[in-house]
Each structure stands twice: as C-alpha cells, then as structure tokens.
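Here the structure is laid out as structure tokens; the discussion comes afterwards.
Hydrogens, waters and symmetry mates play no part in the numbers below; they use all other heavy atoms, side chains included.
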Amino acid sequence: ATKNAPCIIFIDEIDAIGRSRDSKYGGGNEEREQTLNQLLSEMDGFDSSKGILILGATNRPEILDKALLRPGRFDRRIIVEKPDLKGRVEILKVHAKDVLMDETVDLDEIALATSGAVGSDLANMINEAAINAVKEKREFVSQKDLFNAVEIVLVGKEKKDRILSEQERKIVSYHEVGHALVSALQKNSEPVQKITIVPRTMGALGYVMHVPEEEKYLNSEAELKDMLVGLLAGRAAEELVFDSVTTGASNDIEKATSIARSMVTQYGMSKKFGLIGLETVESRYLDGRVVMNCADETAAAVDEEVMKILKESYDEAMNLLKDNREIMDKLAEYLIQKETITGKEFMEIYCKEKGIPVPEPKTETMKKDRAEKASEEDKKSEHEETVNTEGCEENSENEEPENQKEAGEAKDALKENEEVTENEVAEESKELCEKEESGDVAESNAGEAIGTTGDSDDSTGEGPVLTGKDADFASELKNRLYK
C-alpha cells in the first residue's frame with residue numbers, strides 16, 4: 001500500500017483478525033495474534049503525509065482488541081444504524097426509479113409502515129410489488145401492490161392451500177379481533193391498517209397490521225403498558241369466548257415477556273427495583289443478546305416482577321373485552337365472512353356500534369397537509385412570477401416615455417447640429433473663395449515670373465492647384481457640399 005500511495009485499504013469483518021487477545025473473547029490463537037501484532041505495528045505512526053486510509057467493518061465492535069481503537073489507529077467510529085423515516089423514503093426512491101408507478105403510489109406512507117426495515121428489505125418490497133403487478137398483467141405498480149409486498153416481506157405470502165376448520169377459523173378470528181379492538185379502545189396504540197385470518201408461509205394463521213401515525217424514537221411507560229395489553233388481548237379473547245386457550249398466542253407471549261423484562265431490568269420502570277440496571281446488551285448489532293448483571297436471588301425477584309406486570313396487563317385486556325363483547329362478536333362475524341378487512345372497514349363498524357363519528361386517519365391528514373403545502377408553494381411561485389412579470393411591464397411602460405423623450409432630445413440635437421454644420425459650411429466656403437481669389441493673384445504673379453523662364457502650369461488649362469492643408473480642406477468642403 002505504501003508503494004501505491006495514495007490508496008484506501010478496506011478490511012471487512014475485521015473482528016476475524018482483530019479479536020481481543022484477552023481469553024474472555026476467545027484469545028490465545030497464536031497465528032491470529034501474530035497477524036494482529038503485525039497490523040498494529042504497520043498502523044503505528046500513520047500520518048496524513050503517507051496518503052493511506054484504512055477502513056474496517058464489523059458487527060461486533062465490543063470484541064475488538066483495545067489496541068486497535070487507540071488514537072492513531074482506528075480512532076473514529078461510524079455507526080451505520082437502521083434508516084429512519086426520511087432514510088427509508090430516499091431508499092425507496094432509489095429502488096423505485098426504474099419501476100413504473102401509477103398516481104396512487106405514496107412512498108411516504110410505505111416508509112411509515114416499514115419501521116425497522118433496512119435497505120435490503122425495502123429493495124425486496126419494491127421487487128415483490130413489481131412481480132405482483134406483472135402477475136396481474138398491469139404495466140404500473142399501485143399502492144396496493146406495495147402494501148402486499150410489505151406483508152410478503154414481513155409475514156410471508158398467503159398460504160391459500162392451508163384450509164382451516166370452522167372452529168379454528170372462529171378461534172383465529174376472535175383472537176385477531178381481540179388485538180384490534182383493544183388497540184382501538186386504548187389511547188396510546190397504533191391504528192389498525194389490516195386484519196386477516198388467511199394463513200401465511202411464515203407460520204402465522206392470521207395477524208393484525210398496525211401502521212404508526214408518525215416516526216417515534218422513544219416510548220413512554222404508558223405506551224409500553226398499552227402495548228402489553230394489546231399483545232395479550234388475543235389470548236384474553238380466546239379465554240373469554242371459548243373458555244379455553246390455544247397455542248396461537250405463543251409469539252404474543254414472547255414479545256410481551258421481552259417488553260416487560262426490559263421495563264424492569266433496563267428502563268427503570270419498576271417500583272420494586274427502581275433505577276438499577278440489571279441487564280446489559282451484548283452483540284447489539286447482531287442478535288441483541290442480554291446478560292443479567294445481578295445475583296440469582298435478584299434474578300428470581302425480576303421474574304416475579306415481570307409476571308406481576310403481565311398479569312395486570314392481561315386482566316386489563318380481559319376487562320376491556322368484557323365491556324365491549326357485542327362489538328367483538330360483530331367484528332369477528334364480519335371477519336369470518338370476509339377473511340380480510342381493512343382498517344377503514346374495522347373503524348366504520350366500531351364507530352357505528354359506539355355511536356361516534358368515524359375519525360379521519362392521521363395519515364390522510366398528513367397526506368392532505370403535504371398536498372396543501374405543495375399547492376401553496378406552487379401558488380407562491382406563480383405569484384412571484386406574476387409579480388416579476390408585472391414589474392417588468394411597469395418598467396417597460398415607464399421606460400417608453402423616457403425613451404421617447406430621449407429620442408426627441410436626440411432629434412433636436414441632431415437638427416441643431418445640422419444647422420450648425422450648414423452655417424460652418426457656408427462660412428468655410430466663403431473663406432475658401434477668398435483664399436482662392438488671393439491664391440489666383442499670387443499664382444498669376446508667380447506664373448508670369450515662371451513664364452519668362454520656362455513652361456507654365458496654366459498652359460494645361462486646369463486652373464490653380466492646392467497643396468497641403470488647403471487641398472485637404474477643399475476636398476472635405478466639396479464632399480460636404482455634394483452631400
């Protein structure tokens with residue numbers, strides 16, 4: 001590299017050779033340590049004059065040797081995280097530039113529905129949407145294609161060959177309606193986008209799709225508790241209606257347990273343990289595995305606190321469903337008939353039973369706001385163009401009289417100049433005549449003198465000859481008179 005400087009050296013998965021020499025992280029490999037030592041010695045004393053830049057990439061920065069991270073070596077860390085809302089919109093635009101889209105497509109709405117997705121996921125969604133449009137023999141991709149692609153990437157394709165019995169369909173229907181109904185009853189829940197009981201290839205027999213109204217980076221304690229209630233509402237609906245439970249809530253229980261444990265051990269949201277941190281996250285950029293930093297007795301107490309939080313959330317979900325049993329029955333019956341209903345249909349039935357007007361989704365409001373903002377900007381630009389045009393017209397109108405005035409003044413000045421020129425020509429011609437008369441007398445005298453000695457110029461009959469300044473003056477006077 002030094003011979004080919006300036007150059008860039010990129011080492012991918014640098015943890016393979018840069019692993020810590022401490023035995024805690026699997027140190028002790030003599031060959032790898034020799035490679036690491038050679039790398040450290042080569043990087044020692046780098047400066048800007050050598051023209052060499054070394055880049056390394058890894059998903060496990062916590063196991064890198066400390067000597068690699070000292071100033072003068074890898075002294076700058078750049079963390080590449082999952083894209084935010086704006087980043088997802090820009091990524092979707094990049095992958096959608098070569099795909100024909102119709103007027104219904106709103107990439108902002110798709111980006112809002114794909115929180116947590118990375119660039120490869122978004123590229124896969126655009127590709128799946130294009131494939132779906134081709135299957136239906138359409139030239140343009142629609143918004144519906146994109147939402148179907150989001151579902152395919154997140155929960156898999158529809159498994160239409162899996163036929164459920166009537167009892168299973170009913171259980172799955174009540175389970176999913178329980179999630180959706182509790183979400184609608186709570187204040188801090190995300191709105192429902194879609195409810196379906198069609199099985200998917202990733203194992204789900206049904207699911208409720210929630211779409212956040214805005215990008216969020218923090219969650220309050222109230223939001224997390226409402227999230228727990230919503231996750232356990234499916235199991236509560238099963239027990240309330242069928243007086244028994246099934247294995248369908250396993251994924252919900254897993255998610256709820258993880259949230260409740262994090263509330264106790266990481267977020268300090270437990271009154272019993274307060275602000276103590278009981279867990280640390282390892283391999284944050286891979287599986288996000290957590291490790292307990294407490295005694296066994298404390299860990300057992302943490303388990304009890306987690307169970308207490310989950311039981312309270314489950315009881316709250318049960319009470320909400322009991323108070324709205326009639327609405328749940330009607331929604332479940334409608335879902336069994338349709339198999340898939342949209343969030344709009346769900347809210348229409350819910351609001352009709354509650355006797356309240358259907359609220360306008362915030363996403364629609366945001367879309368209208370964006371459209372209004374765009375139209376206002378267009379109007380503003382048009383107004384500025386109109387003002388500039390009117391200003392130019394006024395300036396031209398103001399300039400016209402001035403131009404006319406200047407033209408009149410120039411015409412008068414030209415007329416005066418012509419009069420002055422005529423007067424000068426008359427005076428000059430008079431002077432020239434006087435000069436010619438005096439010149440004729442002088443020339444005749446000179447001719448007489450010359451004639452006595454030799455030939456005379458007058459013999460040619462051409463008249464007097466002017467020389468020097470007089471010739472030039474006569475020529476100029478002649479041209480002016482002839483003009």
Side-chain angles (χ1 to χ4, degrees), residues 113 143-144 147-148 150-152 154-186 189-212 226-227 229-253 255-256 314 317-359 361 363:
Q143 186 78 345
K144 184 180 178 181
F147 268 115
N148 290 337
V150 171
E151 295 179 41
I152 290 173
L154 297 181
V155 296
K157 294 183 179 180
E158 293 183 353
K159 198 173 180 66
K160 296 182 179 180
D161 58 343
R162 180 177 294 176
I163 301 174
L164 302 178
S165 65
E166 289 296 325
Q167 181 66 12
E168 287 180 336
R169 283 165 56 87
K170 192 173 181 182
I171 292 173
V172 175
S173 178
Y174 271 98
H175 182 102
E176 304 303 338
V177 167
H179 287 306
L181 182 57
V182 169
S183 176
L185 292 169
Q186 289 178 321
S189 298
E190 295 174 349
V192 175
Q193 174 72 22
K194 183 179 181 180
I195 312 171
T196 182
I197 57 173
V198 178
R200 294 276 170 166
T201 54
M202 291 186 181
L205 299 179
Y207 70 94
V208 178
M209 183 179 181
H210 296 272
V211 176
D226 286 352
M227 202 179 296
V229 175
L231 287 169
L232 299 176
R235 167 60 69 89
E238 291 181 19
E239 184 177 356
L240 178 63
V241 177
F242 303 101
D243 200 20
S244 65
V245 293
T246 65
T247 59
S250 59
N251 190 35
D252 299 332
I253 294 172
K255 291 180 180 178
Y314 185 77
M318 183 68 76
N319 293 331
L320 288 172
L321 294 175
K322 283 181 180 178
D323 296 338
N324 298 273
R325 175 63 188 272
E326 294 181 0
I327 301 176
M328 183 173 64
D329 291 338
K330 290 187 177 182
L331 286 168
E333 182 180 356
Y334 186 78
L335 181 59
I336 291 172
Q337 294 175 355
K338 297 289 186 179
E339 289 191 343
T340 300
I341 62 175
T342 63
K344 185 177 180 181
E345 292 174 322
F346 166 76
M347 288 305 298
E348 286 176 353
I349 298 173
Y350 171 78
C351 294
K352 181 180 178 181
E353 296 298 324
K354 282 284 188 179
I356 58 176
V358 179
T363 53

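- Looking only at distances, a side-chain donor or acceptor of Ser173 sits under 3.5 Å from a matching main-chain atom of Ala332.
- Enclosure of atom CD in Glu353 by more than 12 non-hydrogen atoms of other residues, nucleotides or ligands within 6.0 angstrom is indicated.
- A distance of 5.5 Å separates CG of Asn148 from NZ of Lys194, quoted to the nearest 0.5 Å.
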Exercise. Any chance you could lay out the side chain to side chain contact (heavy atoms under 4.5 Å, CB included) test for Val241 and Met328, step after step, and finish with the verdict?
Key: CA-CA 10 Å; Val241 177; Met328 183 173 64; 3.7 Å; yes
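- The distance from atom CD1 of Ile253 to atom CZ of Arg235, rounded to the nearest 0.5 Å, is 4.5 Å.
- Scanning all heavy atoms of the two residues, the minimum distance from Val182 to Ala233 falls at CG2-CB, 3.4 Å.
- Rounding to the nearest 0.5 Å places OG of Ser183 at 11.5 Å from CG of Leu320.
- Tested against Leu205 for a side chain to side chain contact (heavy atoms under 4.5 Å, CB included), the candidates Arg162, Glu168, Lys159 yield a single pass: Arg162.
- With respect to the salt-bridge test (charged N to carboxylate O, under 4.0 angstrom), the residues Glu345 and Lys338 do not qualify.
- Scanning all heavy atoms of the two residues, the minimum distance from Ser189 to Asp226 falls at OG-CB, 4.3 Å.
- Within the model, atoms CG of Asn319 and CG of Leu185 stand 12.0 Å from one another, a figure rounded to the nearest 0.5 Å.
- Residues passing the side-chain contact (heavy atoms from CB on, under 4.5 Å) test with Ile152, sequence neighbours excluded: Glu128, Lys157.
- At least one donor-acceptor pair closer than 3.5 Å links the side chain of Glu238 to the backbone N or O of Thr246.
- Proximity of a side-chain donor or acceptor of His210 to a complementary backbone N or O of Glu190 within less than 3.5 Å is detected.
- Here CG of Leu335 is found 10.5 Å from CZ of Phe346. Values are rounded to the nearest 0.5 Å.
- Side-chain contact between Met209 and Val155 is absent, with no heavy-atom pair separated by less than 4.5 Å.
- Minimum interatomic distance between Leu240 and Met318 (heavy atoms only, all atoms of both residues): CB-SD, 3.9 Å.
- To the nearest 0.5 Å, the span separating OG1 on Thr340 from CD on Glu151 amounts to 8.0 Å.
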